[in-house]
Amino acid sequence: MNVSSSLRSDICAGQAAERQPAMFDEVLRAFKDRLLHPVARMLGPGCPPTAVSLLALTAGLAAAWLAAERRYEWAVSGWLLNRVLDGLDGAVARVHGRTSDLGGYVDILCDFTVYALVPIGLVAGAPSPEAWRALAVLLASFYLNAVSWLYLSAVLERRGATGQLTSLLMPPGLIAGTETIVFYTVFLLFPDHMVPLFLVMAALVLIGVAQRLVWAGRRL
């Protein structure tokens, strides 16, 4: 069923009203674009955005391996390089008119791979029953979070909601890209405290899932 113009307006208004939890992400995205667009222009139109995504994946995999080896300072460097390259692939695509559905798909697949493997690497490097349980809770929260926004994203796209800078329409949540960067950096800097840190992040992610459920119940 096609959404009416009034319902489309309600969807967009609802998104605008509930963007506060992700406001750091929105502010820093503008800063990131200003910082990375000159680099993207320097790389030129011959640089495939997907190649940058794969470089980002490589850096993220290195961060996970270094965490498992308990080389945490280098793991932080790999993680932050992953995040910079993850921002650069989109900048390259936009600056040179090379955005594509395939590129967006590869980008998010690489992101989710790194998001899973970095905490796994941390626990593998310093295993304990408590750490494995906390990791299970964290990854379960990621699973629920992915379902909550991927399905809702598909519904909103079908109903005509627009205005996003990313390849997918992402409904708001308490934990977004910026918060993830901060949490993972803290994980790697303070591995001895990974258990409570994992549980805090999982709790905040689940609050975001509940936010989207309430939002959907009111507007869909």
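Numbering of residues begins at 1 and proceeds along the displayed sequence.
Leu66 and Val76 end up in different hydrophobic clusters when Ile, Leu, Val, Met, Phe, Trp and Tyr side chains are linked at under 4.5 Å. Linking ILVMFWY side-chain heavy atoms closer than 4.5 Å, directly or via other members, places Phe142 and Leu188 in a single hydrophobic cluster. With hydrophobic clusters built from ILVMFWY side chains whose heavy atoms lie under 4.5 angstrom apart, Leu135 shares a cluster with Leu189. Trp132 and Val200 fall within the same hydrophobic cluster, defined by Ile, Leu, Val, Met, Phe, Trp and Tyr side-chain heavy atoms under 4.5 Å apart, directly or through other members.
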- Residue pair Leu144, Val205: steps toward the side chain to side chain contact (heavy atoms under 4.5 Å, CB included) verdict: CA-CA 9 Å; Leu144 293 173; Val205 170; over 6 Å; no
- Should Phe187 and Met201 be marked as a side chain to side chain contact (heavy atoms under 4.5 Å, CB included) after you check the CA-CA gap, both sets of side-chain angles, and the distance that decides it? CA-CA 10 Å; Phe187 291 166; Met201 185 175 187; 3.7 Å; yes
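Within 6.0 Å of atom OH in Tyr143, 12 or fewer heavy atoms from other residues, nucleotides or ligands are found, so the atom counts as exposed in its surroundings.
Annotation: side chain of Asp111 is in contact with side chain of Arg83 (closest heavy-atom distance under 4.5 Å). The side-chain heavy atoms of Trp65 and Leu117, taken from C-beta on, include no pair separated by under 4.5 Å. Using a 4.5 Å heavy-atom threshold, the side chains of Ser148 and Leu213 count as separate. You'll find the side chain of Arg212 reaches within 4.5 Å of the side chain of Asn145, heavy atoms only.
The two atoms that bring Asn82 and Leu57 nearest to each other are ND2-N, 4.1 Å, heavy atoms only. When all heavy atoms of Tyr184 and Val114 are compared, the pair lying nearest together is CE2-O, 4.4 Å. When all heavy atoms of Val118 and Gly60 are compared, the pair lying nearest together is CG2-O, 4.1 Å. Of all heavy-atom pairs between Trp79 and Ala63, the closest is N-CB, 3.5 Å. Residues Pro49 and Asp89 come closest through the heavy atom pair O-CB, 3.5 Å. The shortest heavy-atom contact between Ala126 and Met194 is CB-CE, 4.1 Å.
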